[in-house]
Student: 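Input: one structure, supplied below.
Both backbone and side-chain heavy atoms feed into the values below; hydrogens, waters and symmetry mates do not. Letters A, B, ... mirror the listed sequences (proteins, then strands); counts begin at 1.
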Number of protein chains: 2
Amino acid sequence: MPTSKSTSPPAAAARQTLNRERIETEALALIEAQGLEAFSTRKLGQQLGCEAMSIYYHFPSKAHLLDALVDRTLNGLPIPPKNLRPALRIRSIAQAWRAMSRQSPRFYLWMALHRWNSESGVRFLAEVLDCFYAAGLKPEQAARGFRVLGYYLLGATLDETSGYAQGPSSVQPLPDEAVQRLYPQVAQAGRYFQPEHFDATFELGLKLLLQGLGMED
Amino acid sequence: MPTSKSTSPPAAAARQTLNRERIETEALALIEAQGLEAFSTRKLGQQLGCEAMSIYYHFPSKAHLLDALVDRTLNGLPIPPKNLRPALRIRSIAQAWRAMSRQSPRFYLWMALHRWNSESGVRFLAEVLDCFYAAGLKPEQAARGFRVLGYYLLGATLDETSGYAQGPSSVQPLPDEAVQRLYPQVAQAGRYFQPEHFDATFELGLKLLLQGLGMED
DNA sequence: ACCTGAACACCGTTCAAGT
DNA sequence: ACCTGAACACCGTTCAAGT
């Protein structure tokens with residue numbers, strides 16, 4: 001792409017000065033534009049108008065940069081007020097989490113599969129666990145409830161952002177016509193796997209789990 | 001590593017002849033030994049005792065090879081007999097799926113995040129959907145039930161194979177000591193996140209979902 | 001203090017060539 | 001038919017050097 005318009009050539013070439021904030025913002029944009037796989041420090045440098053190596057002055061490694069993106073994303077999540085009923089707090093967190101995954105679907109792959117044991121990560125986990133304690137569950141049941149709902153939320157968001165509805169990932173997918181002919185029940189169900197059904201399907205499982213855990217009736 | 005012992009040098013150097021079967025087997029072994037990220041056609045060639053490029057005679061690309069590994073893994077899954085109760089068939093499939101994820105935890109990351117729209121993939125999906133139809137669910141409820149249980153199974157296996165119990169993934173994790181001090185409820189719950197609790201936790205959520213879907217009482 | 005540029009040890013893949 | 005080797009366009013990162 002051409003350098004930005006309406007500034008004089010030297011200004012455009014110099015760009016703004018580099019800093020963590022600007023690097024992080026551009027990194028997230030690049031990941032969403034090109035995907036995690038294609039994301040490289042060299043392309044990021046190009047996007048920032050600097051050498052790839054300049055980034056290394058601000059972040060010791062690519063992994064540190066990605067960690068910073070995780071923290072930034074976690075810190076952007078709204079935390080529901082503690083006076084809400086525990087089930088509502090959980091619903092609110094789940095809702096915020098899904099919204100985040102939809103907002104940054106490609107970065108979400110990294111979010112979802114890396115443990116959030118940074119300071120912000122643990123703080124967020126504590127917030128969620130609190131909801132289960134607030135519902136009156138004993139430590140073991142709180143831990144298991146947390147886990148079970150976490151499994152569900154993790155699987156749902158990953159599927160919504162990277163799954164079936166994103167098209168085939170096989171190099172040689174079975175053509176739709178063949179699916180229709182050989183496995184009509186799959187073709188028929190496929191209709192309910194599309195994005196317009198995401199909310200209703202997610203809600204079904206969430207309700208079953210919250211009810212089953214005795215947090216909702 | 002040294003060339004294999006007890007054969008004359010030329011025989012050892014020649015190794016066995018290359019074929020898809022041998023390449024796939026060695027690829028899976030290499031992935032489990034070194035991880036998905038580190039898996040490269042060049043290292044695989046080294047492992048096989050040939051040039052990296054020789055692999056390209058048997059597979060058009062690395063993606064085709066990974067697709068073949070997905071198919072091979074799917075085809076290795078036992079399919080429960082149709083005369084079992086639907087809920088038992090689902091439990092049996094979930095059990096087999098989890099066993100597979102534990103057997104190939106590192107390759108599982110690829111398995112889980114790529115859509116199985118190859119022939120073997122769709123056949124497997126059809127098998128699972130059948131269980132929901134056999135339980136008497138209408139197409140919409142069958143599709144949603146399938147999805148909800150699939151979300152749960154996906155999240156659980158990913159967490160079991162790549163999650164919390166595998167240790168920190170942050171570059172700068174909050175030290176255990178700090179977690180203990182700042183977020184005691186997280187430290188306390190962490191005990192139930194260890195592998196010895198995987199089965200009981202998984203069973204809890206599975207039971208809640210199957211009961212909620214009316215497939216088990 | 002902040003950024004650059006050459007260099008190193010890697011990638012996947014193309015292509016022409018060997019046996 | 002099957003395998004090789006050089007080459008191309010990429011990676012992340014180190015390090016010494018520039019301003």
Student: Between B:Tyr56 (OH) and D:dG5 (P), how many Å, whole number?
Tutor: 17 Å
Student: On DNA chain D, does the nearest nucleotide to A:Met53 precede the nearest nucleotide to A:Ala38 from the 5' side, or the other way round? Give the residue.
Tutor: A:Ala38
Student: Looking only at side-chain N and O atoms, does A:His58 come under 4.0 Å of OP1 or OP2 in C:dA1?
Tutor: no
Student: Between B:Tyr183 and A:Glu127, is any side-chain donor less than 3.5 angstrom from a side-chain acceptor?
Tutor: no
Student: Looking across every strand, which nucleic acid part, if any, lies under 4.0 Å from A:Phe59 by heavy atom: base, sugar-phosphate, or nothing?
Tutor: nothing
Student: What contact category does B:Ser40 fall into here, base, sugar-phosphate, or nothing, at under 4.0 angstrom with non-hydrogen atoms?
Tutor: sugar-phosphate
Student: For A:Glu51 and D:dC15, give me the distance from atom CD to atom P, rounded to whole Å.
Tutor: 19 Å
Student: Rounded to the Å, how far apart are A:His64 NE2 and D:dT13 P?
Tutor: 10 Å
Student: Any chance the side chains of A:Trp97 and A:Tyr108 put a donor and an acceptor closer than 3.5 Å?
Tutor: yes
Student: Check the distance between D:dC3's C1' and B:Leu48's CG and give it to me in whole angstrom.
Tutor: 13 Å
Student: Is it true that A:Arg98 and A:Thr161 share a donor-acceptor pair across their side chains at a distance under 3.5 Å?
Tutor: no
Student: Applying the side-chain hydrogen bond (donor to acceptor under 3.5 Å, both in side chains) test to A:Thr201, which of B:Glu140, B:Arg147, B:Arg144 qualifies?
Tutor: B:Arg144
Student: Would you please say whether a donor-acceptor pair under 3.5 Å links the side chains of A:Gln185 and B:Asp130?
Tutor: yes
Student: Tell which nucleotide pairs with C:dA16, taking only Watson-Crick or G-U wobble pairs whose two distances are both under 3.5 angstrom.
Tutor: D:dT4
Student: Without decimals, in angstroms, what is the distance between A:Ile23 CD1 and C:dC3 C1'?
Tutor: 11 Å
Student: To the nearest Å, how far apart are A:Gln46 CD and C:dG5 C1'?
Tutor: 16 Å
Student: Let me spell it out: for each of B:Ala63 and A:Cys50, pick the nucleotide of DNA chain C with the closest heavy atom. Which residue's pick is nearer the 5' end?
Tutor: A:Cys50
Student: Who is the Watson-Crick or G-U wobble partner of C:dC11, with both distances under 3.5 Å?
Tutor: none
Student: Any side-chain N or O of B:Tyr57 under 4.0 Å from OP1/OP2 of D:dC3?
Tutor: no
Student: If I take atom CZ in residue A:Arg42 and atom C1' in nucleotide C:dC10, what distance separates them, rounded to the nearest angstrom?
Tutor: 11 Å
Student: Starting at atom NZ of A:Lys62, determine the distance to atom C1' of C:dC10, rounded to an integer number of angstrom.
Tutor: 13 Å
Student: Determine: side-chain N/O of A:Lys43 to OP1/OP2 of D:dC10, distance under 4.0 Å, yes or no.
Tutor: no
